[in-house]
Enquirer: 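Got a structure for you, questions after.
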Amino acid sequence: MKINLIKPNKENLNTFVTIGSIIILVGFFDFLANTFLGVNFTGFLPAGLSYFTPIILGVVGLHLIRIEFSGNRLLDKINTNFNSSNFNAFLSLLVIFVLIKYIPALLNWFIFDADFAGNTKQDCTSGGACWVFVKVWLNRFVYGMYPDTEQWRINTAFLMLFALVGASFFASVKVKKYLLIFLLFVYPIIGLKLISGGDFGLEYIETGAWGGLSLTFIVSAFALILCFPIGMFLALGRRSNLPAIRYSSIGFIELWRGVPLITVLFMSAVMFPMFLPDGTYVDKLIRVLVAITLFEAAYMAEVIRGGLQALPKGQYEAAKSLGMGYWRMHFLIVLPQALKLVIPGIANTFLALVKDTPLIFVVGLLELAGMVNLAKTNPEWLGMAMEGYVFAGLVFWVVCYAMSRYSQNLEKKLSTER
Amino acid sequence: MSKIIELKNVNKWFDKFQALKDVNLEVNQQEKIVICGPSGSGKSTLIRCINRLEEHQDGQIIVDGKEISENTKDIEKIRAEVGMVFQQFNLFPHLSILDNCTLAPIWVKKLPKKQAEEIAMENLKRVQIADQATKFPGQLSGGQQQRCALARALCMKPKIMLFDEPTSALDPEMIKEVLDAMVDLARAGMTMIVVTHEMGFAKEVADNMIFMDEGRIVEKAKTKDFFNNPKSDRTKLFLSQIL
Ligand SMILES: Nc1ncnc2c1ncn2[C@@H]1O[C@H](COP(=O)(O)OP(=O)(O)O)[C@@H](O)[C@H]1O
Ligand SMILES: [Mg+2]
């Protein structure tokens with residue numbers, strides 16, 4: 001019986017699979033011994049070659065077991081998913097090796113060697129992450145410098161928000177409409193008043209004391225809600241037939257898109273007050289909110305314009321032929337379709353906005369990342385930057401991932417075509 | 001019989017290209033006119049000028065007693081009285097068939113939702129797709145979509161219906177179902193201007209035929225005369241090609 005080793009075939013399936021598996025196993029054995037036992041079995045080879053033996057062996061082994069329609073379900077699955085060509089085999093092995101090599105180290109740092117108990121930096125002795133730092137500072141990370149005794153106000157405001165949003169999901173269409181109007185126009189005022197205080201016997205708490213994750217949410221939420229309609233009108237304006245409206249929209253969009261956010265924020269803090277008449281004062285947070293909102297609205301406008309442009313001309317013509325004027329045509333026909341088309345782009349802009357909020361540190365407002373930054377400079381907690389930023393990164397990731405999933409669901413739910 | 005549409009010496013340019021040249025046309029109430037002619041001859045442009053989807057630069061267009069020009073403030077009101085069916089259907093893909101039909105009556109004519117739905121169902125029944133009312137346009141065949149587009153236009157209770165090659169985008173086996181609906185509409189007394197190459201349909205319903213070429217109305221004649229002894233050579237040539 002002749003066996004061509006270059007071309008594995010189905011007739012000699014068992015032979016090839018046996019030889020291939022053995023070679024792959026040897027490769028893995030070499031790799032594991034190297035990684036975890038510090039033993040290099042292939043040390044007699046030249047250094048470069050020795051380093052790559054596991055991959056080379058793996059690719060050779062995978063080549064030998066790459067037999068199409070072998071009839072063995074497991075083998076076919078492996079071949080189609082990880083081993084469809086030599087290059088794919090190489091990539092698959094590389095990913096597996098990298099994961100094996102670094103995941104345990106990461107897990108050790110995160111969990112097994114990490115310290116959770118205690119209250120001071122000195123309690124962190126085991127060499128991994130010092131989560132004590134996050135634990136001790138958690139309150140600040142969430143509420144900033146907001147006084148402890150008043151934090152129930154922030155909690156209440158957010159609970160109210162969640163309750164309203166939740167209710168609007170399950171309410172009937174009619175109630176939903178009123179809930180949404182309440183949510184967009186009334187709630188923000190109530191929520192802000194509750195948090196800032198000054199009336200109804202609530203102690204006034206200046207915005208300089210707000211901070212942490214709650215400030216991240218407040219800034220993001222306001223900017224998100226406001227930049228959307230503004231962006232929408234800018235997008236429509238840029239396509240308007242009236243030159244005055246078109247050129248002012250273009251000018252506005254290009255102006256804000258051309259300036260870095262950090263500059264915009266800085267100007268809102270330093271330059272803007274100079275234009276105000278003496279004695280008038282606009283709160284720092286409000287200035288920042290306006291700046292971020294307009295900045296993101298310019299991006300939003302371009303995203304939405306993309307959707308408007310993708311819509312076939314026939315949709316406009318059909319709407320017109322039914323007697324719809326500009327606004328009805330846009331709100332009933334054009335925008336619902338255009339916005340649906342650009343949900344991924346809108347989500348993108350929203351995520352960017354949330355991740356841009358840390359920049360408000362330039363005006364002295366410290367949201368989550370800003371608080372971490374502050375905490376790590378505390379003399380008793382020097383050297384905790386890693387833990388702090390990893391924590392902040394994780395929180396941002398969770399928030400953004402949730403938004404991303406929500407946008408994907410929305411896309412699915414709204415897809416009626418095809 | 002009273003005139004409902006009147007075009008007087010209408011000229012239209014796309015930049016330097018003249019798409020309509022001195023077009024004169026009168027349409028009476030309940031009249032059915034079929035326009036034919038080679039591709040690019042200005043048929044679409046002509047009927048799109050009637051509801052001002054295109055603007056003409058010269059001459060007069062009078063629809064139901066009102067002149068259409070850049071000064072017309074209530075162009076929307078005129079459009080609401082002139083229904084149009086497009087070659088590509090142009091249904092609203094984000095709305096169900098029923099909502100496609102009720103949207104304009106509710107938002108333009110301000111009908112109560114209930115009444116709009118009744119009218120919509122009537123018209124959907126009329127074009128025989130009442131059973132599809134809850135589906136979305138993407139789930140329907142081409143013929144069904146075009147009939148829905150017809151029903152959608154009819155829900156506005158238009159005085160005039162314009163058709164721009166309503167069957168050209170359809171597979172052959174679906175053409176008949178759309179033409180049947182149009183014949184039915186013609187029998188009910190609608191004023192219709194139809195751009196089409198379906199000469200069987202033309203012979204069955206048209207009162208007058210128009211042949212266009214290079215932006216001009218080359219020939220306008222009673223249907224019988226048009227087919228039996230066309231006057232212009234170009235009409236003869238065209239008819240010999242498509243019949
Ligand atoms: N939007 C437009 N811009 C420039 N030229 C156009 C436009 N629409 C139509 N035309 C031109 O006008 C002529 C008539 O077009 P159309 O009325 O669509 O012809 P038909 O419907 O008879 O095929 C064609 O030559 C076409 O190229
Ligand atoms: Mg045409």
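Order of the sequence lines sets the chain letters (A, B, ...), proteins ahead of strands, with each chain counted from 1.
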Enquirer: Please check if atom CZ in A/Phe82 has more than 12 non-hydrogen atoms from other residues, nucleotides or ligands closer than 6.0 Å.
Expert: no
Enquirer: Should we count CD of B/Gln128 as having more than 12 external heavy atoms under 6.0 Å?
Expert: no
Enquirer: Which bit of B/Val108 is near chain A, if near means a heavy-atom gap under 4.5 Å: side chain, backbone, both or neither?
Expert: both
Enquirer: Measuring heavy-atom distances to chain A, does B/Arg48 have an atom under 4.5 Å in its side chain, in its backbone, in both, or in neither?
Expert: side chain
Enquirer: May I ask you to check whether over 12 heavy atoms, not counting those of A/Phe182, lie within 6.0 Å of atom CZ?
Expert: yes
Enquirer: Within a 6.0 Å radius of atom CZ on B/Phe14, are there more than 12 heavy atoms belonging to other residues, nucleotides or ligands?
Expert: yes
Enquirer: Take a 6.0 Å sphere around CG of B/Asp131 and say whether it holds more than 12 heavy atoms from other residues, nucleotides or ligands.
Expert: yes
Enquirer: Measure distances from B/Leu162 to the heavy atoms of chain A and classify the residue's part below 4.5 Å as side chain, backbone, both or neither.
Expert: neither
Enquirer: Enter the distance from A/Leu341:CG to B/His94:NE2 here, rounded to the nearest 0.5 Å.
Expert: 11.0 Å
Enquirer: Less than 4.5 Å to any heavy atom of chain A: does that hold for the side chain of B/Phe92, its backbone, both, or neither?
Expert: both
Enquirer: Looking at B/Trp13, I'd like to know if its CH2 atom is crowded, meaning that more than 12 non-hydrogen atoms belonging to other residues, nucleotides or ligands lie closer than 6.0 Å.
Expert: yes
Enquirer: Spell out the residues in residues 314-334 of chain A that have some non-hydrogen atom less than 4.5 Å away from a non-hydrogen atom of chain B, in order of number; otherwise answer 'none'.
Expert: A/Gly314, A/Gln315, A/Glu317, A/Ala318, A/Ala319, A/Lys320, A/Ser321, A/Leu322, A/Gly323, A/Met324, A/Gly325, A/Arg328, A/Leu332, A/Ile333
Enquirer: Under the ring pair (Phe, Tyr, Trp, His ring centres under 6.0 Å) rule, collect the residues that match up with A/Phe252, sequence neighbours excluded.
Expert: A/Trp256
Enquirer: Assess whether atom NZ of B/Lys114 is packed by more than 12 heavy atoms of other residues, nucleotides or ligands within 6.0 Å.
Expert: no
